[in-house]
Asker: 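Just dropping this structure here.
Values below: every heavy atom of this structure, side chains too, minus hydrogens, waters and symmetry copies. In this text the structure is predicted, and so the values were computed from the model without any measurement.
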Amino acid sequence: MRKGYNKVIILQIILLIFLLFSSFVFKIANMYVISALLTSFLILSIIFFGFEKENYRSKKDVLLNIIINLLIYYFITYVLGLFTGFIKTSYSLSIINIIKNIFPVILLIVISELLRYEIFTKSKGNIASLIIGLIVFVLIDINISVHLYDVTSYLGLTKMICLVVFPSITKNILLIYLVQKVGYSNAIIYRLLTDLSTYLLPIFPDFGEYLNVILKTVLPIIIMVRLNNMFSYFEMRKIKDSRYNNRKLILYSFITIVLFIIVILTSGMFTYQAVTIGSSSMSPKIEKGDIVILKKTKTSEIKTIKKGDILVYNHDNKIIVHRVVDILMIEGKINFITKGDNNNTKDSWIIKEEDIIGTVKLRIKYLGMPTVALNELLNK
């Protein structure tokens, strides 16, 4: 083993010990503290080994490949979310809170990837350093989330291994691959695109935590395989320019736009929202399995609702889409009576102002049929 490798491994082992104590003894989950620890080791590494600037020919091609693969992944999962449903983010989406939430994450990502680059460019090809380094960076992920699990119990430890360790291993293998092939900037961008989505997106497909883990575990493997094929293609053809022509860029731009529309229409956080119709009460105007696009009604706009409008409102924790047949004034507030076009009688309840979501503006036939079929299957 070369002398330089020995120094790198010693530094990794010291960091490994610190992280073990931090994870399982002190259980420090504060990202600023972890970032400070990693920064100290980054500085030591630069002092001992120096720092090399990125100079990789394929960096732009790799970045484009990563972005395309992530777009496809988000597109597929959000389309599937139309069938499984969505859950809303638990994080506040106000600008101030977004900044507060993402700043420590960005800080940790940048420092981690600079340290990863520094370690693995100095020990490229050394198996012992690769294994120890992988354990180190998996421990960083464990450190952030270990306080959420009771690792003293079999169930808590098993859950942490499944939900944290497995996806962390494949993610860090991909990131090690990236820093060795094209440097730290693409690794940073990959993590920003994947890690920050938790704090920035208003909704997520409701697959359940274990299916989410499978997806997060498999995604880095798929990306690494595709990148490896791309590098093999470059070596065979000696290509210097990007493989991706304008047609492909147009296709992936289209995917991005469609994904953005799906998020907007299903999140419930914007003016327009999509709702899947699960009954035939409004037939033939609106059929079971259709999707309607509603426009949210502000409090000041409730007085503009008139008889004949198709109202979307909450009743007993269900979203109802029925037509307004009567408007009542009760204690100075506007109330509504509705009826399904296909029902024989009016609805037996009164809709108050606070129950109203909006009014239907557009019907899209059949698009919600897979969602309805899946929900009926799951509720049998």
Asker: Among Ile72, Leu71, Val79, which residue meets the side chain to side chain contact (heavy atoms under 4.5 Å, CB included) test with Phe75?
Answerer: Val79
Asker: To the closest 0.5 Å, what do you measure between NE2 (His322) and CG (Asn343)?
Answerer: 5.0 Å
Asker: So, for Ser112 and Leu38, which heavy atoms are closest and what is the spacing to 0.1 Å?
Answerer: OG-CD1, 3.4 Å
Asker: On a heavy-atom basis, which atom in Ser40 and which in Leu37 lie closest, and how many Å separate them?
Answerer: OG-O, 2.5 Å
Asker: Ignoring hydrogens and angles, write down the donor-acceptor pairs under 3.5 Å from the side chains of residues 190-204, residues two or more places apart or on other chains.
Answerer:
{"unit_1": "Arg191", "atom_1": "NE", "unit_2": "Asp195", "atom_2": "OD2", "d": "3.4"}
{"unit_1": "Arg191", "atom_1": "NH1", "unit_2": "Glu113", "atom_2": "OE2", "d": "2.9"}
{"unit_1": "Arg191", "atom_1": "NH2", "unit_2": "Asp195", "atom_2": "OD2", "d": "3.3"}
{"unit_1": "Thr194", "atom_1": "OG1", "unit_2": "Tyr190", "atom_2": "O", "d": "2.9"}
{"unit_1": "Thr194", "atom_1": "OG1", "unit_2": "Arg191", "atom_2": "O", "d": "3.3"}
{"unit_1": "Ser197", "atom_1": "OG", "unit_2": "Tyr74", "atom_2": "OH", "d": "3.4"}
{"unit_1": "Ser197", "atom_1": "OG", "unit_2": "Thr194", "atom_2": "O", "d": "2.8"}

Asker: Kindly list each side-chain donor-acceptor pair under 3.5 angstrom involving residues 301-309, sequence neighbours excluded, with atom names and distances?
Answerer:
{"unit_1": "Glu301", "atom_1": "OE1", "unit_2": "Lys298", "atom_2": "N", "d": "3.1"}
{"unit_1": "Thr304", "atom_1": "OG1", "unit_2": "Glu301", "atom_2": "O", "d": "2.4"}
{"unit_1": "Asp309", "atom_1": "OD2", "unit_2": "Lys306", "atom_2": "N", "d": "3.0"}

Asker: Does CZ in Phe51 sit with more than 12 non-hydrogen atoms of other residues, nucleotides or ligands closer than 6.0 Å?
Answerer: yes
Asker: Going from CG on Asn228 to CD1 on Ile223, what distance comes out if it is rounded to the nearest 0.5 angstrom?
Answerer: 13.5 Å
Asker: With side chain to side chain contact (heavy atoms under 4.5 Å, CB included) as the test, pick out the partner of Ile132 among Leu15, Val8, Ile9, Ile119.
Answerer: Ile9
Asker: Report yes if the side chains of Lys285 and Ile310 come closer than 4.5 Å at any heavy-atom pair, otherwise no.
Answerer: yes
Asker: Would you tell me whether Ser283 and Asn342 have side-chain atoms, one donor and one acceptor, within less than 3.5 Å of each other?
Answerer: no
Asker: Please list, chain by chain and in numerical order, all residues satisfying ring pair (Phe, Tyr, Trp, His ring centres under 6.0 Å) with Tyr73, sequence neighbours excluded.
Answerer: none
Asker: Could you check if a side-chain atom of Thr121 sits within less than 4.5 angstrom of a side-chain atom of Gln180, using non-hydrogen atoms only?
Answerer: no
Asker: With a distance cut-off below 6.0 Å to the six-membered ring centre and an angular limit of 45° from the axis, does Arg116 pair with Phe137 as a cation-pi contact?
Answerer: yes
Asker: For the residue pair Trp349 and His315, does the interplanar ring angle fall in the parallel (under 30°), tilted (30 to 60°) or perpendicular (over 60°) class?
Answerer: parallel
Asker: I would like to know whether Ile293 and Ile364 meet side-chain contact (heavy atoms from CB on, under 4.5 Å); could you show each step before the answer?
Answerer: CA-CA 8 Å; Ile293 307 299; Ile364 305 174; 4.2 Å; yes
Asker: Does the side chain of Leu219 come within less than 4.5 Å of Leu215's, by heavy atoms?
Answerer: no
Asker: Does Lys352 NZ have over 12 foreign heavy atoms under 6.0 Å away?
Answerer: no
Asker: Restricting to side chain to side chain contact (heavy atoms under 4.5 Å, CB included), what partner residues turn up for Phe48, sequence neighbours left out?
Answerer: Leu44
Asker: Is there a donor-acceptor pair under 3.5 Å between the side chain of Asp355 and the backbone N or O of Ile351?
Answerer: no
Asker: Mind checking the CG-CD1 spacing from Asn101 to Ile106? Nearest 0.5 Å is all I need.
Answerer: 11.0 Å
Asker: Begin with the C-alpha distance, continue with both residues' side-chain angles, and end with the deciding distance and a verdict on salt bridge (Lys or Arg N to Asp or Glu O under 4.0 Å) for Arg363 and Asp290.
Answerer: CA-CA 7 Å; Arg363 168 198 181 191; Asp290 290 348; 2.6 Å; yes
Asker: Counting C-beta onward and ignoring hydrogens, is there a side-chain heavy-atom pair between Asp61 and Asn65 closer than 4.5 Å?
Answerer: no
Asker: Under 3.5 Å, which donor-acceptor pairs do the side chains of residues 324-338 form with other protein atoms, sequence neighbours left out?
Answerer:
{"unit_1": "Asp326", "atom_1": "OD2", "unit_2": "Lys346", "atom_2": "NZ", "d": "2.6"}
{"unit_1": "Asn335", "atom_1": "ND2", "unit_2": "Lys333", "atom_2": "O", "d": "3.0"}
{"unit_1": "Thr338", "atom_1": "OG1", "unit_2": "Tyr313", "atom_2": "OH", "d": "2.8"}
{"unit_1": "Thr338", "atom_1": "OG1", "unit_2": "Asp347", "atom_2": "OD2", "d": "2.5"}

Asker: Heavy atoms only: give me the nearest Lys288-Gly278 pair and the separation to one decimal.
Answerer: CE-O, 3.6 Å
Asker: List in chain and number order the residues that pass side chain to side chain contact (heavy atoms under 4.5 Å, CB included) with Ser185, two or more places apart in sequence or in another chain; answer none if no residue qualifies.
Answerer: Glu54, Lys59
